[in-house]
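Only one structure is covered here, and it is reproduced in the block below.
Given the structure is predicted, the values throughout are model-derived calculations rather than measurements.
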Amino acid sequence: MCGIVGYVGRRRVVPILLEGLKRLEYRGYDSAGIVYLEGGELVKHRSEGKLANLEEKMERLPEVESTIGLGHTRWATHGAPSERNAHPHSDCTGRLVLVHNGIIENYHTLRADLLARGHVFTSETDTEVLAHLVEEHLETDLVTAVRRALAQVEGSFALGVMWAGQPDTLVAARKQSPLVLGIRESGGCLMASDIPALLPYTNQVVFLDDQEMAVLRLGSWQVLRIDSGEAVVKEMQTVFWNAAMAEKAGYKHFMLKEIYEQPQAILNTFRGRLNPQTGAVELPEIGLAPERLAAVERISLVACGTSWHAALVAKYWLEKWAGVPVEVDIASEFRYRRLLLNEKVLVIPISQSGETADTLAGLRRAREMGATVVTICNVVGSTMTREAHGTIYTHAGPEIGVASTKAFTSQLTALMLLTLHLGRLRRTIADEEARALAQGLLDLPGLVERELPRLQAETAVIAEEFARSRDFLYLGRGVNFPIALEGALKLKEISYIHAEGYAAGELKHGPIALIDREMPVLALAPRDGVYDKVVSNVEEVKARHGRLILVGSEGDENLDRIGDRALALPAVHEDLAPILYTVPLQLLAYEIASLRGCDVDQPRNLAKSVTVE
């Protein structure tokens, strides 16, 4: 979850490192540091807190001419956030440094052995163990020393390593933690934890796989196997994002910008794949024969957090329209139970980054057991897309805000495409229904774009009333129950208000005890097949003087009659309501968090990509 950036080339390295770290700060913001080579010696600068503290420190120093260096922004796992625990970390000599993302599981044992051999530690981190391990093996070649050190390590890592003894070389290595190389035409080479750090300098990238390392020098790069040292042939890929896509573009926060990018993200996800006249869907990147997909007897959706909520929505869709039983698993629980998987089961891991550790572990376990695996992912070339049998890309573009918005609605769009595709293959969806869903999906981007300004204005007014609440309940039924869960998650993530989502029918089974004049309750009440049931549930809230916010359909008189506040949305196909009804919940969370003075893009204790278990 930490951010790593490195560069070797002809340009001054400090501005490149700081710019790269800015674009990775969503991955961690407890502390930050950089290191570069100057006069044959390694120079480190580290600061506790956000990257701005490090930038302020660097502004007070003379301009640095160095053209090789590493940077890191940290999300603490071992050792409290502090300057001494910030990366980069050094060996005993100070002539070797490294930065690390991941967790060294056997670091207690390694640290004890190193202390017994006279090594002196200056931090509480597991990362510092790696620096001293490399030092143990270092003679004349850094690559050999890194390989030998990593042979002793258990756990996950993405590493960047420098040694003053080889002043023209950066070494990168990865296991179960993402690392991507950027290759410039001028001969410069970069490494980073994620693509946005590379975008200002190149769109030519090389993704490292597990147990691979890279040796970067001016004008050359090479990828090797960590275990054997053998060279690996890698292909460069072109990333069709650009640096401007990762900028705020005049919005106050990345989150707000990404909420407003949802119409385009939804459109990009179905563009070229959907025929509204027939409801047919083309998904060539799945890479599986139609007969293999049609023969699936069960589907298992595996995800974490917001992606898990997308999976819960898809369960309703797939069972209804594809006629296949569906299980939904939280990824961190999936591989620790007795799984009943075989070649007749389709496992669908869902991840924005394609690097989520628990979801990736579930993918690998499913493949081991013979299941067919198709991942839904936003990042081309990420680990999940390489290890699955097939992929459905969401094409949402880079998402910088830690609280997911456009990635979620794009995942829902991709899952609806998959539903239509499977329904047609299995002949479980009528042509008329397929066309109705396809046309509804086609209309959705324009509808969301038209409604966004109005919804932001109305949610801002509602936020004024509820921004100081201590608790919140979100209610939904049927396909919108997961959207209640997602709305509650967004609010707690960025505003720090305790919020819970419930199936509205569960209200009487416990949560109703919480209802009083101080309890805000937001209920999703579109005019669908369970509308009357939801109205009955919210009447119970009203009778107990709960402060009721209703989100429902335009023209519904019950919204104002029952609700203290109401948001009316245009009519859409009831199975597409989850995509539309997500938007005002995102905006409400955003407006409340802004009023409370919270850091919307970088909420405390959270990081964007959870790459450790």
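Tested against Tyr260, the residues Phe254, Tyr590, Tyr251 include a single ring-ring contact (aromatic ring centres under 6.0 Å, His included) partner, Tyr251.
No side-chain donor from either of Ser404 and Thr306 sits under 3.5 Å from a side-chain acceptor of the other. Between the side chains of Glu449 and Gln262, not a single donor N or O lies within less than 3.5 Å of an accepting N or O. No side-chain N or O of His253 forms a donor-acceptor pair with one of Asp601 less than 3.5 Å apart. No donor-acceptor contact under 3.5 angstrom links the side chains of Thr238 and Asn203, judged on distance only. Counting only N and O atoms by type, the side chains of Trp321 and Asp575 include a donor and acceptor under 3.5 Å apart. In this structure, a donor-acceptor pair under 3.5 Å is absent between the side chains of Ser193 and Asn101. Side-chain contact, Glu486 with Thr582: no donor N or O sits under 3.5 Å from an acceptor N or O. Side-chain contact annotation: Gln456 with Glu591, donor-acceptor N/O pair under 3.5 Å present. When only modelled atom types and interatomic distance are considered, Glu355 and Thr383 share a side-chain donor-acceptor pair under 3.5 Å.
For the pair Arg596 and Tyr496, the cation-pi test (distance below 6.0 Å, angle within 45°) is failed. For Arg527 and Tyr531, the positive end sits near the middle of the six-membered ring, less than 6.0 Å away and at most 45° from its axis.
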Q: For Lys406 and Glu261, run salt bridge (charged side-chain N to carboxylate O under 4.0 Å, His left out): C-alpha distance rounded to whole Å, both residues' side-chain angles, the deciding distance at 0.1 Å, then the answer.
A: CA-CA 7 Å; Lys406 65 176 180 175; Glu261 286 175 341; 2.7 Å; yes
Before you tell me yes or no, could you show the steps for Asp194 and Arg23 under salt bridge (charged side-chain N to carboxylate O under 4.0 Å, His left out), namely the whole-Å CA-CA distance, both residues' side-chain angles and the distance that decides it to 0.1 Å? CA-CA 9 Å; Asp194 204 354; Arg23 294 167 183 271; over 6 Å; no
task: Go through the steps to decide whether Leu54 and Leu18 satisfy the test side-chain contact (heavy atoms from CB on, under 4.5 Å), and finish with yes or no.
output: CA-CA 9 Å; Leu54 179 64; Leu18 292 176; 4.1 Å; yes
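Separation of atoms CG (Leu318) and CG (Leu415) is listed at 7.0 Å; rounding is to 0.5 Å. Rounded to the nearest 0.5 angstrom, Leu491 CG and Leu585 CG are separated by 10.0 Å. Annotation: the span from Leu417 atom CG to Ile286 atom CD1 amounts to 9.5 Å, rounded to 0.5 Å. One distance of note links CG of Leu444 with OG1 of Thr269; it measures 11.5 Å at 0.5 Å rounding.
Counting heavy atoms from C-beta on, the side chains of Ile195 and Phe207 come closer than 4.5 Å. Using a 4.5 Å heavy-atom cutoff, the side chains of Glu493 and Val402 are not in contact.
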